[in-house]
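Each chain gets a letter, A, B and so on, in the order its sequence line appears, and its residues count up from 1.
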Protein chains: 2
Amino acid sequence: MTISEENYLKVIYHLSLVSPKGVNTNAIAGMLETKASSVTDMLKKLAEKEVVTYKKYQGASLTNKGLIQAKKIVRRHRLWEVFLVEKLQFSWDEVHEIAEELEHIKSEKLINSLDAFLEFPDFDPHGDPIPNEKGEMKKLDKQLLSEIPLETLCKCVGVKDSSAEFLQYLDKQKITLGSQIKILEKESFDELIRVEIDKKVMVLSNKIATNLYVQ
Amino acid sequence: MTISEENYLKVIYHLSLVSPKGVNTNAIAGMLETKASSVTDMLKKLAEKEVVTYKKYQGASLTNKGLIQAKKIVRRHRLWEVFLVEKLQFSWDEVHEIAEELEHIKSEKLINSLDAFLEFPDFDPHGDPIPNEKGEMKKLDKQLLSEIPLETLCKCVGVKDSSAEFLQYLDKQKITLGSQIKILEKESFDELIRVEIDKKVMVLSNKIATNLYVQ
DNA sequence: AATTAAATTTAGACAAAACTAAAAATATTT
DNA sequence: AAATATTTTTAGTTTTGTCTAAATTTAATT
Ligand SMILES: [Mn+2]
Ligand SMILES: [Mn+2]
Ligand SMILES: [Mn+2]
Ligand SMILES: [Mn+2]
């Protein structure tokens, strides 16, 4: 498995969660910032290696073998993110790029030792679940804040958008994983919502509300 | 800097310490397990990038720019080795290969944070010095055990050969960095030496004695 | 159903890094 | 100094992953 192949597998995995019946060539190209023709080439190769099923013009999906591989890469990515935040004091908006490289270091022993060193975390710094050695992961039945009814107390458990800009904006608003949130009022005109977060009343945009997972 | 270019730079650095007036094409090929013709190609590219000075048939050496780069790679390699041994409980014979990959993760912040996390170690698990952020490193005036006179108490501070086989053999003999060694007798016939190591008397071969650094 | 638009694939080219085989330069022997 | 051996470089391929431009297929509109 080359780094490039791994990056494709991971992207197909992520896209599969949203469109399980086949991932579009263009969608993959978009995520990898490459061209559709390159994706077609790679899909053929991955199909050859039997990690992906691919029929011309029909999109791709992971085989069981491919799924196992993809989850390993996700496991490595998320464990390294935890390491960077918990042990090296990185903030949650800085870790993604570095984990993007570290995820390609392939040593079972390394990753299992790291897992143990971190005390087997279930979630990464963005609230995403970390597959264990067998590929199993905890799934919370989280919802977007925008779907929560008025006056219901909930807890922030993850982000949908994990771009640095969004994460830094959350930092500025003092919203972190674990924050207690209650929606006080929804303004239908401009979709702003008035909320109480950790006892402080503030106003959030719809863009925030549709990118924050709560429970 | 690609991974391949970095591997070449690091090898040229190591070979320079032994032959400072120019590193042979064949020597580089040997270390990298590649062919001399590939080395020639790469030397041209590295010379183009001004990290190496290279004249046809004359061997190569690092420019100042190349030296700085090479020391950064060595720094990363050795810090990761310390991490693996100190934090993840790897043994000293298991870390080299993994560090060979980790050394290519290029983030200044990552490596400086790691350095701090490890409390700024001066030496790696094999007794080799770790360059600091500025590229400076401590150098011990170590000698090979084979050069030490009889009855002189010295301390094991490093290994010349850091292959897994040698390191495992040292483990088996209970020789570690820090072991106190005194040579009791040298047998000129077969070059075996009788030594006292940490109060225990034992016999070592010349091959061991010429690969152990003491001080 | 025919036309247009969008998505996807093919064909052909390119750069990086490796290889083999042959040629050229340097070193070592005789 | 000439002959031989060794080292190094050149020339020509190969593989991987990318690209552009053109062709093809599928989807959306009229
Ligand atoms: Mn990646
Ligand atoms: Mn994450
Ligand atoms: Mn390396
Ligand atoms: Mn080392």
Side-chain angles (χ1 to χ4, degrees), chain A residues 1-16 18-62 66 69-70 73 100-101 103-106, chain B residues 1-13 15-16 18-62 66 69-70 73 100-101 103-104 106:
Chain A
M1 264 303 133
T2 65
I3 290 177
S4 189
E5 288 170 339
E6 288 195 339
N7 284 333
Y8 275 90
L9 274 193
K10 197 183 57 163
V11 160
I12 296 167
Y13 170 77
H14 286 312
L15 291 171
S16 295
V18 184
S19 48
K21 41 197 61 194
V23 177
N24 294 335
T25 302
N26 265 355
I28 298 170
M31 294 275 276
L32 287 169
E33 299 181 81
T34 184
K35 293 296 152 73
S37 56
S38 306
V39 175
T40 301
D41 286 346
M42 183 58 91
L43 288 181
K44 287 177 185 169
K45 204 208 301 187
L46 294 176
E48 194 61 43
K49 294 196 172 186
E50 298 183 325
V51 287
V52 142
T53 53
Y54 165 68
K55 285 222 291 275
K56 273 189 191 180
Y57 297 100
Q58 304 286 111
S61 41
L62 295 174
Q69 266 294 133
I73 303 159
E100 204 59 44
E101 297 189 50
E103 69 188 1
H104 302 293
I105 310 288
K106 282 171 284 290
Chain B
M1 265 302 135
T2 66
I3 290 176
S4 189
E5 290 170 337
E6 288 195 339
N7 284 334
Y8 273 89
L9 275 194
K10 199 182 54 163
V11 161
I12 296 167
Y13 170 76
L15 291 171
S16 294
V18 184
S19 48
K21 42 197 60 194
V23 177
N24 293 336
T25 301
N26 265 354
I28 299 171
M31 294 274 277
L32 287 170
E33 298 182 82
T34 185
K35 295 293 152 75
S37 55
S38 306
V39 175
T40 303
D41 286 347
M42 183 59 92
L43 288 180
K44 286 176 184 170
K45 205 209 298 187
L46 293 176
E48 193 62 43
K49 294 196 172 186
E50 297 182 328
V51 287
V52 141
T53 53
Y54 165 68
K55 283 221 292 277
K56 273 191 192 181
Y57 298 99
Q58 304 289 112
S61 42
L62 295 174
Q69 265 296 131
I73 303 161
E100 205 57 44
E101 297 189 50
E103 71 189 358
H104 302 291
K106 284 170 282 289

Close N or O pairs between protein and nucleotides 12-15 of chain C (under 3.5 Å):
none

Counting only side-chain N and O atoms of Y8(B), is one of them less than 4.0 Å from OP1 or OP2 of dA16(C)? no
Are V51(B) and I12(B) packed together at the side-chain level, in the sense that at least one heavy-atom pair is separated by less than 4.5 angstrom? no
How long is the line joining CG of L46(B) and C1' of dA16(C), in whole Å? 13 Å
Could I get a table of every N or O pair under 3.5 Å where one atom is in the protein and the other is in nucleotides 4-8 of chain D?
unit_1 : atom_1 : unit_2 : atom_2 : d
dT8(D) : OP2    : N26(B) : N      : 2.9
dT8(D) : OP2    : N26(B) : ND2    : 3.3

When rounded to the nearest 0.5 angstrom, what distance separates CD1 in I73(B) from NE2 in H104(B)? 7.5 Å
What nucleic acid atoms does S4(A) come within less than 4.0 Å of, heavy atoms only: base, sugar-phosphate, or nothing? sugar-phosphate
Integer-rounded Å distance: dA16(C) P and K49(B) NZ: 8 Å
Which atom of L43(A) lies closest to which atom of A60(A), heavy atoms considered: CD2-CB, 3.8 Å
So which one's nearest nucleotide on DNA chain D is more toward 5', L43(B) or I3(A)? L43(B)
What is the distance from CD of E5(B) to C1' of dA18(C), rounded to the nearest Å? 14 Å
Keeping K44(A) on the side-chain end and M42(A) on the backbone end, is there a donor-acceptor pair under 3.5 Å? no
Closest approach of E6(A) and E103(A), non-hydrogen atoms and distance? OE1-O, 4.1 Å
Rounded distance [0.5 Å steps], OH in Y54(B) versus CG in L46(B): 11.0 Å
Separation of dA18(C) P from N7(B) CG (nearest whole Å): 9 Å
Within the 4.5 Å heavy-atom criterion, are N7(B) and E100(B) side-chain neighbours or not? yes
Is a donor-acceptor contact shorter than 3.5 angstrom present between the side chain of T2(A) and the base of dT16(D)? no
Can you tell me if K44(B) touches the phosphate of dT10(D), counting only side-chain N or O atoms and a distance under 4.0 Å to OP1 or OP2? yes
Side-chain polar contacts of residues 22-41 of chain B - donor-acceptor pairs under 3.5 angstrom, sequence neighbours left out - could you list them?
unit_1 : atom_1 : unit_2 : atom_2 : d
T40(B) : OG1    : A36(B) : O      : 3.2

Does T34(A) make a side-chain N or O approach to OP1 or OP2 of dT18(D) shorter than 4.0 Å? no
Test applied, side chain to side chain donor-acceptor pair (under 3.5 Å); reference residue, E5(A); option that passes from K49(A), Q69(A), K10(A): K49(A)
